[in-house]
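These notes concern the structure reproduced below.
Whatever order the structure lists ligands and atoms in, that order sets their numbers, starting from 1. Remember, it's a predicted structure, so these values are computed and weren't measured experimentally.
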Amino acid sequence: MQYISTRGGDRKSGAAPTILAGLAGDGGLFVPADIPRVNAAQLAALRAMDYTRRAETLLGLFFEDMPQVGQCIRRAYARFDIPVRPVAPGAHVLELWRGPTAAFKDVALQFLPLALEQAKAQQNISEETVILVATSGDTGGAALNGFGRVPGMRVAAFYPKDGVSDLQRLQMTTDNGPHAWGIAVDGNFDDTQRGVKAIFSNRDIQERLAGQGYALSSANSINWGRLAPQIVYYFSAWCDLVNAGALGNDEPIDFVVPTGNFGNILAGWYAREMGLPIGRLVCASNRNHVLSDFFADGVYDARREFHKTISPSMDILVSSNLERLLFELSGRDAAAVRAMMSSLNDAGTYSVDKALLKRAQGVFDAGYAGEDATRATIRWVWEAYGYLLDPHTAVAWNVWEKGRRNHAVIVSTASPYKFASDVMASLDLPAQDGAQSQCRALYAATEFDMPQSLARLWTAPAGHNLSCGYEDMPQAVETLLGHG
Ligand SMILES: *Cc1c(COP(=O)(O)O)cnc(C)c1O
């Protein structure tokens with residue numbers, strides 16, 4: 001499989017060099033040159049498989065140059081359920097949060113480190129890969145867990161000292177392996193992100209590290225190796241629904257996706273292109289609703305106030321993965337994509353032509369939910385159906401209720417226990433201090449399924465407990481690697 005850049009100036013032969021590169025050399029994102037199609041007979045065959053075999057079959061289409069990729073898939077998903085549950089008339093919930101850190105990022109970040117390890121071996125790359133992430137919560141835990149014990153990988157996750165939930169902090173400071181470091185930064189998320197970017201653009205550091213056998217990498221959500229594994233659960237949910245008799249073979253199904261960087265829902269778009277009978281893809285935003293505005297009028301405008309919300313993983317003004325959709329819906333017009341991205345970069349905004357907007361609206365619906373609506377939805381769904389939503393999933397539920405069309409799958413991206421204090425406030429339960437008390441109280445009040453992986457945190461051995469000022473982040477990396 002060839003991979004081409006959305007900006008027209010780079011291409012790679014095979015998935016191995018594509019996932020090792022991450023971003024394309026021209027600043028664009030890699031997409032498969034040909035989107036493979038899955039016919040009715042292949043869909044029927046998928047229905048008879050378990051999740052791991054479905055993943056092997058579908059990812060095999062994209063990773064054909066990596067014959068051992070099946071091993072990565074089996075290791076990543078052996079103990080990872082992704083069930084789809086009937087919750088309300090006309091709606092199922094797809095629980096993507098049954099991995100080790102109880103958020104949907106595990107689906108990609110359990111697979112990618114293993115795939116990178118294999119890609120390095122195939123390309124005879126012997127340097128140690130150093131993954132650096134700036135995180136406002138979910139990515140940090142998932143990256144530390146996914147990369148922490150993989151040979152040839154080191155991983156540091158920088159998080160704002162006071163900017164993550166108690167539970168997220170606990171996930172980043174328990175033992176994730178000898179080469180996995182969660183580091184509290186004295187600053188806010190922007191400082192943290194700027195600090196990581198400064199390391200990536202510092203040639204001196206990179207040269208010193210290269211001399212010691214290290215190469216920096218980011219593993220962020222624009223890497224094709226993170227997007228591809230997300231395609232699988234759209235197919236898998238459809239198979240499970242048809243197998244359960246909840247959906248006819250040719251009946252369209254809508255997916256409602258709580259969206260931030262546009263990676264999750266874009267994987268749904270690829271599934272649809274591959275032949276999965278998806279009706280509408282519903283893009284749900286929170287108070288930072290740049291995307292739902294874009295789908296309404298074709299103007300992407302990031303020049304607006306940034307709001308911190310109770311669904312922090314969707315607090316994003318620039319959704320990087322949208323670039324891939326623009327490329328496809330413009331008929332792969334790389335020059336048009338370059339123009340839009342430079343307008344975004346220079347002016348903070350761009351607009352698409354009427355034809356492209358029409359094509360987008362032919363597939364996507366979009367809407368948003370504010371903070372009060374999100375809290376009210378958590379409460380209402382709990383009272384009506386006895387199902388507990390986390391705030392991100394509640395945004396999606398609220399948007400679905402306002403515009404429902406076909407039978408829908410609400411894509412659930414986090415366990416409610418991960419955001420226990422906001423969920424408790426929505427249910428008018430008294431506040432508690434600390435992750436363990438919050439989770440216990442929420443369980444006592446609801447008896448809703450608490451993931452084993454979270455319960456294990458209370459007794460997990462402590463890992464590194466590190467902190468630094470945001471100006472000292474480069475030094476922190478060198479010190480950790482020097483002594484690593
Ligand atoms: C990352 C994340 C999202 C947003 O997903 P995108 O792929 O960035 O659109 C939504 N909910 C949760 C809980 C997340 O961790």
Side-chain angles (χ1 to χ4, degrees), residues 29 93-110 112 133-146 157 159 164-165 167-168 171-172 189 219-234 255-271 281-292 294-295 309-325 364 366 368-369 374 378 388-399 410-420 422-423 451 454:
L29 313 191
V93 172
L94 177 62
E95 296 179 346
L96 299 182
W97 41 263
R98 297 193 166 269
T101 73
F104 111 95
K105 300 217 168 31
D106 287 332
V107 180
L109 284 168
Q110 287 296 302
L112 178 65
V133 293
T135 180
S136 57
D138 276 347
T139 306
L144 291 170
N145 189 290
Y159 61 93
V164 300
S165 78
L167 199 136
Q168 289 170 331
Q171 287 180 326
M172 290 190 271
F189 177 62
N220 60 19
S221 84
I222 51 87
N223 193 309
W224 178 254
R226 274 185 70 172
L227 202 95
Q230 298 176 174
I231 296 170
V232 177
Y233 50 73
Y234 287 90
F255 282 88
V256 189
V257 187
T259 298
N261 214 11
F262 209 74
N264 193 350
I265 195 167
L266 184 71
W269 182 86
Y270 276 101
L281 287 164
V282 184
C283 175
S285 306
N286 66 17
R287 198 177 167 205
N288 298 293
H289 45 84
V290 189
L291 281 168
S292 56
F294 168 74
F295 282 109
T309 72
I310 59 171
S311 47
S313 296
M314 298 160 71
D315 290 345
I316 287 177
L317 295 182
V318 175
S319 299
S320 318
N321 265 301
L322 190 62
E323 180 170 342
R324 288 186 163 113
L325 185 73
F364 291 90
Y368 71 92
T374 304
I378 292 173
L388 203 54
L389 301 171
D390 94 285
H392 304 77
T393 313
V395 167
W397 188 291
N398 182 274
V399 168
I410 317 258
V411 177
S412 177
T413 49
S415 159
Y417 288 96
K418 241 188 136 169
F419 299 94
D422 287 314
V423 170
L454 297 187

task = Answer with yes or no after comparing the ring centroid distance for W97 and Y233 against a 6.0 Å cut-off, counting only values under it.
result =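 Here the rings of Y233 and W97 have centres that are no less than 6.0 Å from each other.
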Within the 6.0 Å centroid threshold, strictly below: H392 and F419 =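 Yes, close enough.
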Looking only at protein heavy atoms, which one is nearest to [atom], and what is the separation?
| atom | answer |
| --- | --- |
| atom 5 (O) of ligand 1 | F104 CE2, 3.5 Å |
| atom 9 (O) of ligand 1 | G260 N, 2.8 Å |
| atom 6 (P) of ligand 1 | N261 N, 3.5 Å |
| atom 11 (N) of ligand 1 | T413 OG1, 2.8 Å |
| atom 7 (O) of ligand 1 | N264 N, 2.9 Å |

task = Given side-chain hydrogen bond (donor to acceptor under 3.5 Å, both in side chains), test S319 with N261 step by step and report yes or no.
result = CA-CA 4 Å; S319 299; N261 214 11; 4.9 Å; no
With nothing but distance in play, are any N or O atoms of [X] less than 3.5 Å from an N or O of ligand 1?
| X | value |
| --- | --- |
| F419 | no |
| K105 | yes |
| I316 | no |

task = Classify the side-chain pair Q110/N145 by whether it contains a donor and acceptor separated by less than 3.5 Å.
result =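 There is such a pair between these side chains.
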Can you sort out which atoms of ligand 1 are near [X], meaning under 4.0 Å from one of its heavy atoms?
| X | answer |
| --- | --- |
| A414 | 13 (C) |
| P258 | 4 (C), 10 (C) |
| G263 | 6 (P), 7 (O), 9 (O) |
| T259 | 9 (O) |

request  = Search all heavy atoms of D390 against all heavy atoms of P416 and return the closest pair with its distance.
outcome  =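 Looking at all heavy atoms of both residues, the closest pair is CB-CA, 3.7 Å.
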key: Lys/Arg-Asp/Glu bridge criterion (N-O < 4.0 Å) met for D138, K418   =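 Yes, D138 and K418 are salt-bridged.
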request  = Could you point out which residue of V395, D422, T374, N286 forms a side-chain contact (heavy atoms from CB on, under 4.5 Å) with T309?
outcome  =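 Filter result, single survivor: N286.
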query = In terms of the angle between their ring planes, are W224 and Y270 parallel, tilted or perpendicular, with boundaries placed at 30° and 60°?
reply =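 Because their plane-to-plane angle is over 60°, the rings of W224 and Y270 count as perpendicular.
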ask   = At a non-hydrogen distance cut-off of under 4.0 Å, which region of F262 contacts ligand 1 (side chain, backbone, both, or neither)?
value =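 The answer is the backbone of F262.
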query = Backbone, side chain, both or neither: what part of A103 comes under 4.0 angstrom of ligand 1, heavy atoms only?
reply =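 It is neither; nothing of A103 touches ligand 1.
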query = Within a reach of under 6.0 Å around CZ of R98, are more than 12 heavy atoms found that belong to other residues, nucleotides or ligands?
reply =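 Yes, because the 6.0 Å sphere around CZ of R98 holds more than 12 heavy atoms from other groups.
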